Number of protein chains: 2
Amino acid sequence: MDVLKKLRDVKLRPTKQRILLANLILDGKNKHFTAETIQKEVSTKGHNISLATIYNCLNKFVNVGLLKQIDQQGEVTIFDTNVSHHHHFLNQNTGELTDIEPNEITFSKFPKIPRGFQNDGVEVLIKIRD
Amino acid sequence: MDVLKKLRDVKLRPTKQRILLANLILDGKNKHFTAETIQKEVSTKGHNISLATIYNCLNKFVNVGLLKQIDQQGEVTIFDTNVSHHHHFLNQNTGELTDIEPNEITFSKFPKIPRGFQNDGVEVLIKIRD
DNA sequence: ATCTAGTTTAGAATAATTCTAACCTGTTGA
DNA sequence: TCAACAGGTTAGAATTATTCTAAACTAGAT
């Protein structure tokens, strides 16, 4: 499906910048990236888009569901006195975290760790809201 | 166990500020907090510690294992073109994320969602390193 | 072709965190 | 006990990611 149609489908005016970004990003392959890496990629293609616009566009894309933003529990560092391995509930209404003891969660199916790597900890985040 | 001993055990010189913070934080109860909330708590007790010192102390406490820092995948926002529900490997060496399809992970035990709340999504992060 | 609402932009503003450099203070050993 | 110094604290500057502002631009409807 072409990019113009994709943008129209979600009622975003297909501007030059949005088309450029959508062509880079929405090619059907799964990618992870940041605003800055995208800006670099744009400029290596010989174009230029301001960082403000990149943020605007990516945020719009997220709002309409074309993109997802990886969870990052807000922008401040949260410290936890529970230093043992454990999981969390995240109250989406308040941002509050609550501990879940590790024995409260067990897996019946678990992915193979990629060749050459070792498991260095598993964190489960259960988002809740009222 | 008293706070002085705790600090000596981890070879941190027990200064006034560290003792104050340790008394607030390491009382055996599980808490989540930020540098700023701790500073406020300190000042309501009639003391004053600069934010820089709070960060210094908390980071030291984390390094020696008295505290844990909640994972936040670095400080930049990461976007993901995979908008469906899925999980991630986090390569601790590079910070790189890789998708895990949701059917790769299933649970045999799962905690009860707190009364009055509903499940709003589960994210599993498997940290790996070589 | 024109109008208008929505976009883009440079640069300022904001906010979390770290750095710097000067000052201060536990601890050690005489 | 106390001087010396390594390590700790601090205010404020620096850094970094992101958003805001206000002016200039443009897609799409008329």
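This structure is a prediction, so every number in the text was calculated from the model and none was measured. Every heavy atom of this structure was used, including side-chain atoms; hydrogens, water molecules and symmetry mates were not. By convention in this document, chain letters (A, B, ...) are assigned in the order of the sequence lines, proteins followed by strands, and residues within each chain are numbered from 1.
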Length of the line joining [X]:[atom1] and [N]:[atom2], which is rounded to integer Å:
| X | N | atom1 | atom2 | answer |
| --- | --- | --- | --- | --- |
| A/Leu51 | C/dT7 | CG | P | 19 Å |
| A/Tyr55 | C/dT9 | OH | P | 15 Å |
| B/Glu75 | C/dA16 | CD | C1' | 10 Å |
| B/His47 | D/dT9 | NE2 | C1' | 16 Å |
| A/Gln39 | D/dA17 | CD | C1' | 13 Å |
| A/Leu20 | D/dA27 | CG | P | 13 Å |
| B/Leu58 | C/dA16 | CG | P | 15 Å |

Determine, for nucleotides 19-24 of chain C in 5'-to-3' order, which nucleotides have protein heavy atoms under 4.0 Å from the base (write B), from only the sugar-phosphate (write S), or from neither (write -). B-----
Which residue pairs pass the ring-ring contact (aromatic ring centres under 6.0 Å, His included) test when at least one of the two sits in residues 3-25 of chain B, sequence neighbours left out?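 Residue pairs with at least one partner in residues 3-25 of chain B: there are none.
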Selection residues 97-130 of chain B - residue pairs positive for ring-ring contact (aromatic ring centres under 6.0 Å, His included), sequence neighbours left out: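 Matches after skipping sequence neighbours: A/Phe107-B/Phe107, B/Phe107-B/Phe110.
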Base, sugar-phosphate, or nothing for A/Thr77, non-hydrogen atoms under 4.0 angstrom?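 A/Thr77: backbone/sugar contact only, no base atoms under 4.0 Å.
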Under 4.0 Å, heavy atoms only, any strand: does B/Lys11 hit a base, just the sugar-phosphate, or nothing?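 Contact class for B/Lys11: none.
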Distances for protein N/O vs nucleotides 26-30 of chain C N/O pairs under 3.5 angstrom?
none

Does [N] have OP1 or OP2 under 4.0 Å away from a side-chain N or O of [X]?
| X | N | result |
| --- | --- | --- |
| A/Lys60 | C/dT7 | yes |
| A/Thr53 | C/dT8 | no |
| A/Asn59 | D/dT19 | yes |
| B/Gln17 | C/dT25 | no |

So do the side chains of B/Glu101 and B/Asn82 get within less than 4.5 Å of each other, counting heavy atoms only?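 Result yes, sub-4.5 Å side-chain heavy-atom pair found.
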Salt bridge (charged side-chain N to carboxylate O under 4.0 Å, His left out) partners of residues 30-42 of chain A, not counting sequence neighbours, each pair once: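 Listed by first then second residue: A/Asp27-A/Lys31.
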Would you mind listing every salt bridge (charged side-chain N to carboxylate O under 4.0 Å, His left out) that reaches into residues 76-95 of chain B, with sequence neighbours excluded?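 Not a single pair qualifies under salt bridge (charged side-chain N to carboxylate O under 4.0 Å, His left out).
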Dump the intermediate steps for side-chain contact (heavy atoms from CB on, under 4.5 Å) on A/Thr81 and B/Lys29, then the final yes or no. CA-CA 8 Å; A/Thr81 55; B/Lys29 302 199 190 94; over 6 Å; no
Extract all donor-acceptor atom pairs below 3.5 Å that involve side chains of residues 10-18 of chain B and protein atoms in other chains or at least two apart in sequence.
from, atom 1, to, atom 2, distance (Å)
B/Thr15, OG1, B/Arg18, N, 3.3
B/Arg18, NH1, B/Arg13, O, 2.9

Which comes earlier along DNA chain D counting from the 5' end, the contact point of B/Val76 or that of B/Ile49, where each point is its nearest nucleotide?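 Closer to the 5' end of DNA chain D: B/Ile49.
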Tell me every residue that passes side chain to side chain contact (heavy atoms under 4.5 Å, CB included) with A/Thr98, counting only those two or more places apart in sequence or in another chain.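 With sequence neighbours excluded, A/Thr98 shows a side chain to side chain contact (heavy atoms under 4.5 Å, CB included) to A/Phe89, given in chain and number order.
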Could you give the side-chain donor-acceptor pairs of residues 123-130 of chain B under 3.5 Å, partners two or more places apart or in another chain?
from, atom 1, to, atom 2, distance (Å)
B/Glu123, OE2, A/Lys127, NZ, 2.9
B/Lys127, NZ, A/Glu123, OE2, 2.9
B/Lys127, NZ, B/Asp71, OD2, 3.0
B/Arg129, NE, A/Asp120, OD1, 2.9
B/Arg129, NE, A/Asp120, OD2, 3.3

